[in-house]
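A, B, ... follow the sequence lines: proteins, then strands. Residue 1 opens every chain. Remember, it's a predicted structure, so these values are computed and weren't measured experimentally.
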Amino acid sequence: MPPTVNAWAEGDPLEVAPRLLGAVLTHGGVSVRLTEVEAYAGPDDPGSHAFRGRTPRNEVMFGPPGRLYVYFVYGMHHCANLVTGPEGEPGAVLLRAGEVVGGLDTARVRRPGSTDRDLARGPARLCRALGIDLAANATAPDLTAGEPPREVSTGPRVGLRHAAERPWRFWSTGDPTVSTYRPAAPRRPAGR
DNA sequence: AATATGATGCGCT
DNA sequence: GCGCATCATATTT
């Protein structure tokens, strides 16, 4: 197995992110070709889980590059990041969407009712399709090189309340499996 | 098609 | 206790 994962992961998340597009991630019998990712930097990035320092949950982000940082949100969803280097410096790339290129039957079972296009279209859907949960946290992913996209687009990140305007989202231009942009949920309309 | 809202639990202050 | 790197469903155009 080529140790290429660490080579890709090592470095600034802003450089690693576009590099990951087209790579194939395999987990739980399903393979996904990444079409959309998002970079998260360390202490200087208010959108990063590591912004407020090291905690038990984000600990993996401070470790060596090339591992998965999986977290649980909204009481029901998992999201997966690839930790970027260097060690001690928290950085990661959120795996936002992809195209299922292997284990289609398994992915369909995990995401009943979904069209093939939507199987891994979104960070939580991607985890669901691949069977990724907290058990995969801090493990080294099976990630191999793939065909890079013809064209890469960049834009603002999705679903953040802070620093969402930074153009740190990268996707394969025109790919149908890229998730649709949705602005951060507005805060409750003034409670009363 | 577009927008609104409920679900649901953990991490952090 | 509040807020969340979300998604599915219901409701309205």
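- Gly47(A) comes within 4.0 angstrom of a base, heavy atoms only.
- Residue Arg54(A) qualifies as enclosed at atom CZ: its count of foreign heavy atoms under 6.0 Å is above 12.
- Here the side chain of Tyr74(A) is nearest to one of dA5(C), dT6(C), dT8(B), namely dT6(C).
- The environment of Arg166(A) atom CZ is dense: over 12 non-hydrogen atoms of other residues, nucleotides or ligands sit within 6.0 angstrom.
- Within the 4.0 angstrom heavy-atom criterion, no nucleotide atom of any strand lies near Arg128(A).
- Between the CZ atom of Phe51(A) and the P atom of dG3(C) there is a distance of 17 Å, rounded to whole Å.
- If you run side chain to side chain donor-acceptor pair (under 3.5 Å) between Ser31(A) and each of Asp142(A), Thr106(A), Thr26(A), Thr144(A), only Thr26(A) comes through.
- Judged by distance alone, with hydrogens and angles left aside, Tyr71(A) brings a side-chain donor or acceptor within reach of the base of dA5(C), the pair sitting under 3.5 Å.
- Here dC10(B) presents its P atom at 13 Å from CG of Asp133(A), a figure rounded to the nearest Å.
- Regarding contacts with the backbone of dG11(B), every side-chain N or O of His49(A) stays at 4.0 angstrom or more from both OP1 and OP2.
- For the pair Tyr40(A) and dA5(C), the ring geometry qualifies as stacking, because the centroid separation is below 5.5 Å while the planes lie within an angle under 30°.
- If you take CG of Leu94(A) and C1' of dT6(C), they are 11 Å apart, rounded to a whole angstrom.
- Of the two residues near DNA chain C, Ala124(A) and His162(A), the one whose nearest nucleotide lies more 5' is His162(A).
- The side chain to side chain contact (heavy atoms under 4.5 Å, CB included) with Asn137(A) is formed by just one residue from the set Asn81(A), Leu68(A), Val70(A), Ile132(A); it is Val70(A).
- Among dT8(B), dT6(C), dA5(C), the nucleotide with an atom closest to any side-chain atom of His77(A) is dT6(C).
- Panel note: side chain Arg96(A), backbone Leu126(A); no donor-acceptor pair is recorded below 3.5 Å.
- Pairing for dT8(B) is absent, judged as Watson-Crick or G-U wobble with the two contacts each under 3.5 Å.
- Of the candidates dA5(C), dT8(B), dC12(B), dA5(C) carries the atom nearest the Leu160(A) side chain, counting heavy atoms from C-beta on.
- Between the CG atom of Leu126(A) and the P atom of dA5(C) there is a distance of 17 Å, given to the nearest Å.
- Between the side chain of Arg169(A) and the backbone N or O of Glu36(A) there is no donor-acceptor pair closer than 3.5 Å.
- With rounding to whole Å, Asn58(A) atom CG is found 12 Å from dA5(C) atom P.
- Taking atom CZ of Arg157(A) as the reference point, atom C1' of dT6(C) lies 16 Å away to the nearest angstrom.
- In the set dT6(C), dA5(C), dG9(B), the nucleotide with an atom closest to the side chain of Phe72(A) is dG9(B).
- Residues Asn81(A) and Arg125(A) both approach DNA chain C. Their nearest nucleotides, taken by heavy-atom distance, put Asn81(A) toward the 5′ side.
- Between the NE2 atom of His78(A) and the P atom of dC10(B) there is a distance of 10 Å, rounded to whole Å.
- Between Arg121(A) and dC7(C) there is no side-chain N or O to OP1 or OP2 distance below 4.0 Å.
- What separates CG of Asp118(A) from P of dT6(C) is a distance of 16 Å, to the nearest Å.
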